[in-house]
Amino acid sequence: MPSVIQVRPQAACATVEELSKKTVKLADGAELPLIGLGTWESSKGEVEAAVSAALNAGYRHFDCAPVYRNEHEVGRALAHGGVPRSELWITSKLWNDRRRPADVREALEQTLASLQTDYLDLYLIHWPVVWARNTVMKPDSLASLAECWRTLEALVDEGKVRHIGVSNFGEVELAALLSTARIKPAVNQIELHPRLPQTALVEYCQRNGIVVTAYSPLGRGTLKGANMLSSPTVQELAARHAVSPAAVLLRWNLQRGVVVIPKSTNPGRLAANLEEPWRFALSADEPLALDGVPHILLADAKACLRCMRRLQEIISKAALA
Ligand code: A2P
């Protein structure tokens with residue numbers, strides 16, 4: 001057996017050891033489960049049951065954010081799930097209008113209280129923007145990401161968060177952060193699926209020791225038109241391997257060393273998402289077939305419009321929170 005699963009020559013790869021352990025090592029040696037449960041767009045009233053079902057199915061990695069407006073429910077399910085805190089990996093994120101040091105600390109305390117825990121395994125800057133407190137998209141000229149990062153570093157020193165990272169960061173923003181950070185970002189969480197592969201960014205992160213997490217790995221994220229489950233290529237590969245289309249999409253990211261956090265509130269689908277991707281492997285040429293699925297170009301006006309509308313929805317929800 002080769003020591004590395006080759007996806008294609010230039011792409012990042014996961015080692016066989018990592019895939020068999022179902023975890024990926026962060027720069028400090030901590031092990032992050034390669035499959036987690038996403039909770040974005042998991043409705044209030046549904047997410048508590050979904051998290052309980054996920055714990056029973058074996059999930060130990062949960063991805064949360066206050067802007068999803070359901071952290072209380074997630075916290076209740078985790079607190080009553082019967083799994084010791086030390087066995088859980090809980091990620092949350094800092095919203096865009098909480099960038100000043102005191103605001104960062106206050107936001108973290110709120111998230112910790114909602115999630116009923118006294119530390120996070122991973123705390124991410126949600127977007128590479130800085131808004132004035134309680135505003136939507138109003139830049140805060142007196143705050144900066146660099147200052148925000150220093151506060152996050154202090155929170156690591158204090159043991160309130162075990163790791164810090166970012167989300168939706170591109171290469172330019174990462175380079176700026178890497179040039180000043182005392183503690184390097186452990187993770188960059190971005191939207192990734194075969195229609196939005198972002199291979200250059202994935203490789204940049206992995207070259208710099210930053211683990212990549214894919215949100216919306218099934219292609220139903222910000223770019224709403226990117227639903228991949230009905231793609232003929234995906235369906236053909238699913239039939240060939242006798243797994244679901246979702247498993248093919250998850251495996252595509254896993255084989256390039258990318259963590260996946262598919263969202264589901266359906267107990268059957270969330271259990272399958274955790275189990276099926278380990279039942280098979282995409283052979284050398286199959287990822288190429290998936291890479292051949294037409295990509296969404298961010299320059300594509302329709303995709304951009306959908307993306308902006310989605311962002312506006314998220315922002316509006318946040319303003320109401
Ligand atoms: P549901 O919660 O009803 O299962 P993404 O994480 O890429 O944003 O995708 C989330 C969407 O995909 C949700 O609408 C979720 O619906 C659906 N979904 C999650 N897992 C599966 C699956 N295994 N098969 C089909 N749809 C799925």
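Remember, it's 1-based here, ligands and their atoms both numbered in the order they're listed.
Listed by number with element, the atoms of ligand 1 under 4.0 Å from a non-hydrogen atom of Leu218 are 7 (O), 9 (O), 12 (O), 18 (N), 19 (C), 20 (N), 21 (C), 27 (C). Listed by atom number, the atoms of ligand 1 under 4.0 Å from Ser216 heavy atoms are 5 (P), 6 (O), 7 (O), 8 (O). Close contacts of ligand 1 with Pro262, meaning ligand atoms under 4.0 Å from a residue heavy atom, involve 6 (O). In summary, the atoms of ligand 1 found under 4.0 Å from a heavy atom of Asn266, numbered by their order in the structure, are 4 (O). Residue Gly219 has at least one heavy-atom neighbour below 4.0 Å for each of these atoms of ligand 1: 7 (O). For ligand 1 and Leu229, the ligand atoms under 4.0 Å from any heavy atom of the residue are 25 (C), 26 (N).
Using modelled atom types, one finds a donor on one side chain and an acceptor on the other under 3.5 Å when comparing Glu31 with Thr23. Lys93 and Tyr68 share a donor-acceptor pair across their side chains, judged by distance under 3.5 Å alone.
Under a 4.0 angstrom heavy-atom cut-off, Ala272 registers as lying outside contact with ligand 1. Ligand 1 does not have Ser244 within reach: every non-hydrogen atom of the residue lies 4.0 Å or more from it.
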Pair Thr151-Arg105, side-chain hydrogen bond (donor to acceptor under 3.5 Å, both in side chains): steps then yes or no: CA-CA 8 Å; Thr151 312; Arg105 288 178 173 278; over 6 Å; no

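No part of Ala247 comes within 4.0 Å of ligand 1, judged by heavy-atom distances.
The shortest distance between side-chain heavy atoms of Val161 and Leu122 does not fall below 4.5 Å.
Relative ring orientation between His163 and Trp89 is described as parallel, the plane-to-plane angle staying below 30° on a 0-90° scale split at 30° and 60°.
The only option from Arg269, Glu276, Gln235 that meets the side-chain contact (heavy atoms from CB on, under 4.5 Å) definition with Ser244 turns out to be Glu276.
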